[in-house]
Amino acid sequence: MPLVLGIETSCDETGAGLVRDGVLLGEGLASSADEHARFGGVVPEVAARAHVSAVTPMVRAAVEAAGVSLSDVDAVAVTAGPGLSPALHVGVAAAKAYAAALDVPLYGVHHLAGHAAVDVLEHGPLPDRCVCLIVSGGHTSLLALGDLARDPVEHLGDTVDDAAGEAFDKVARLLGLPYPGGPSVSRAALDGDPAAIAFPRPMTGPRDAAFGFSFSGLKTAVARHVEAAQDAGRAVPVPDVAASFQMAVVDVLVRKALRACAERGADTLLMVGGVAANRVLRTEMERACAGAGITLRVPAPRLCTDNGAMIAALGDLLVRDGAEPAGLAGTAVPTVPLTGATIAFPPAVGEAAEFPLPVVPHTAAGSIIAP
């Protein structure tokens, strides 16, 4: 079976993975989160420089962990979008270099489809039809999925403003908690009462979109609560605020996901993305699905955040399905809707139809294609 190398650089994680026939053989993952902490969020240019330094060592780490040679790779898959433009371009350039040097096909894939595909590595092939909840820093969506490699993705509903992960980051800043906000809020919530503060459950009214999401108003409600305490000279009850906010987010996600399964007649719910690593969300979703007779599939927490394994997993599905590769022409697509697993590279400005070997700078770690 073909060996697929996956490369992920959409945000602040540099990931590489090697997958063959649905089995993860090796991976490497580096994060530049610490470099962004003082800014309170990811700085695209800082992330891109970190990717340039880390992409070659992470590929080497994946190759070494798999016990194979780089020359054994049969195809390369890379996140072509969506994501931070400077970060994406590093990964796409690296993937082109590997594909050209190894003379193997290149697949440009959608980042969110990769999140869905990663569960295959743990729980085997997805069912013919299922509902998928993607919940991350930049995306909160309910999808109807068929065959990831060949079927179009149907959007049941998406966030109209702040995604769940983005709301966690903003609430963390309001509470004076460190970046990244998701883990910080979750840790603070451990000592709090989730019923202490009656924060709103946005987009759950009878006239709201059944599967739409909005967390901006919830974030604003937290801000008003914090301001009221400060104006009154009271200490902000950080654990209670964190726990109550977290439960409001979880409650909305659980309600809408189960409603989607019921209305679609789906007996399997796939939950993926960085926020899917949240312990309370996993616990509450498990309880609700068990009560409704729905099979819940959630990857291990380490596979929920951005990583190269998920891109290799999706590439593996595409290669085995005989999907058409993208070729070496074109560039990354920072903003692109999820309609299917692959992304057609648009031509770069001034780029010929036949793309020459890409110019990828050497780093302190050595050449991009060094064995």
Side-chain angles (χ1 to χ4, degrees), residues 4-17 32 41-48 50-52 54-55 58 75-99 105-118 132 134-141 143 145 148-155 158-159 163 165-166 272-274 305-318 323-349 351 355 358 360:
V4 180
L5 168 65
I7 296 175
E8 155 64 28
T9 64
S10 66
C11 192
D12 59 342
E13 279 94 14
T14 311
S32 58
V42 178
V43 179
E45 290 75 14
V46 173
H51 290 313
V52 169
V55 66
M58 292 308 99
V76 178
V78 62
T79 298
L84 304 175
S85 180
L88 286 170
H89 282 293
V90 174
V92 169
K96 287 181 178 181
Y98 281 114
L106 172 67
Y107 294 82
V109 304
H110 199 288
H111 174 79
L112 298 182
H115 273 302
V118 78
C132 176
I134 294 182
V135 53
S136 66
H139 305 273
T140 304
S141 301
L143 313 169
L145 298 182
L148 264 179
R150 65 180 68 177
D151 292 341
V153 174
E154 180 186 358
H155 285 249
D158 300 282
T159 186
E166 185 179 359
V272 296
T305 54
D306 296 346
N307 58 81
M310 70 186 203
I311 304 305
L314 184 54
D316 176 61
L317 292 176
L318 291 168
E324 186 71 21
L328 296 178
T331 187
V333 191
T335 302
V336 57
L338 175 60
T339 57
T342 59
I343 293 176
F345 288 138
V349 176
E351 189 174 68
F355 191 80
V360 181

Legend entry - With sequence neighbours excluded, residues passing side chain to side chain contact (heavy atoms under 4.5 Å, CB included) with Ala117: Leu148, Ala313, Leu314, Leu317
Legend entry - Minimum heavy-atom distance Ala99-Leu328, with the two atoms named: CB-CD2, 4.2 Å
Legend entry - Gap separating the NE2 atom of His111 from the CD atom of Glu8, nearest 0.5 angstrom: 5.0 Å
Legend entry - Ser141 side chain vs Ile134 backbone, donor-acceptor pair below 3.5 Å: no
Legend entry - Atom of Ala77, atom of Val109 and distance for their closest heavy-atom approach: CB-CG1, 4.4 Å
Inset, instruction - Measure from the side-chain N and O atoms of His51 to the backbone N and O of His89, and report whether any donor-acceptor pair falls under 3.5 Å. - result: no
Inset, instruction - Kindly compute the distance separating CG (Leu143) from CD (Glu154), expressed to the nearest 0.5 Å. - result: 9.0 Å
Legend entry - Contacts of type ring-ring contact (aromatic ring centres under 6.0 Å, His included), residue His110, not counting sequence neighbours: none
Inset, instruction - Would you list the pairs meeting side-chain hydrogen bond (donor to acceptor under 3.5 Å, both in side chains) in which at least one residue belongs to residues 307-318, sequence neighbours left out? - result: Asp316-Arg320
Legend entry - Working for side chain to side chain contact (heavy atoms under 4.5 Å, CB included), residues Leu88 and Thr79: CA-CA 7 Å; Leu88 286 170; Thr79 298; 3.8 Å; yes
Legend entry - Atom of Ala163, atom of Gly138 and distance for their closest heavy-atom approach: CB-C, 3.5 Å
Legend entry - Taking every non-hydrogen atom, the tightest pair across Leu106 and Ala95: CD1-CB, 3.7 Å
Legend entry - Partner set under side chain to side chain donor-acceptor pair (under 3.5 Å) for Thr342, not counting sequence neighbours: none
Inset, instruction - State, with a plain yes or no, whether a side-chain heavy atom of Thr339 is found less than 4.5 Å away from one of Pro152. - result: no
Legend entry - Any residue meeting side chain to side chain contact (heavy atoms under 4.5 Å, CB included) with Val43, in chain and number order, not counting sequence neighbours: His36, Phe39, Glu45, Val46
Inset, instruction - Any chance you could lay out the side chain to side chain contact (heavy atoms under 4.5 Å, CB included) test for Tyr98 and Val78, step after step, and finish with the verdict? - result: CA-CA 11 Å; Tyr98 281 114; Val78 62; over 6 Å; no
Legend entry - Considering all heavy atoms, the nearest Asp306-His115 contact: OD1-NE2, 3.1 Å
Legend entry - Heavy-atom pair of closest approach, residues Cys132 and Val272: SG-CG2, 3.9 Å
Legend entry - Set of salt bridge (Lys or Arg N to Asp or Glu O under 4.0 Å) partners for Glu13, sequence neighbours left out: none
Legend entry - Gap separating the CD1 atom of Ile343 from the CG atom of Leu338, nearest 0.5 angstrom: 8.5 Å
Legend entry - Backbone of Ala87 reached by a side-chain donor or acceptor of Thr9 within 3.5 Å: yes
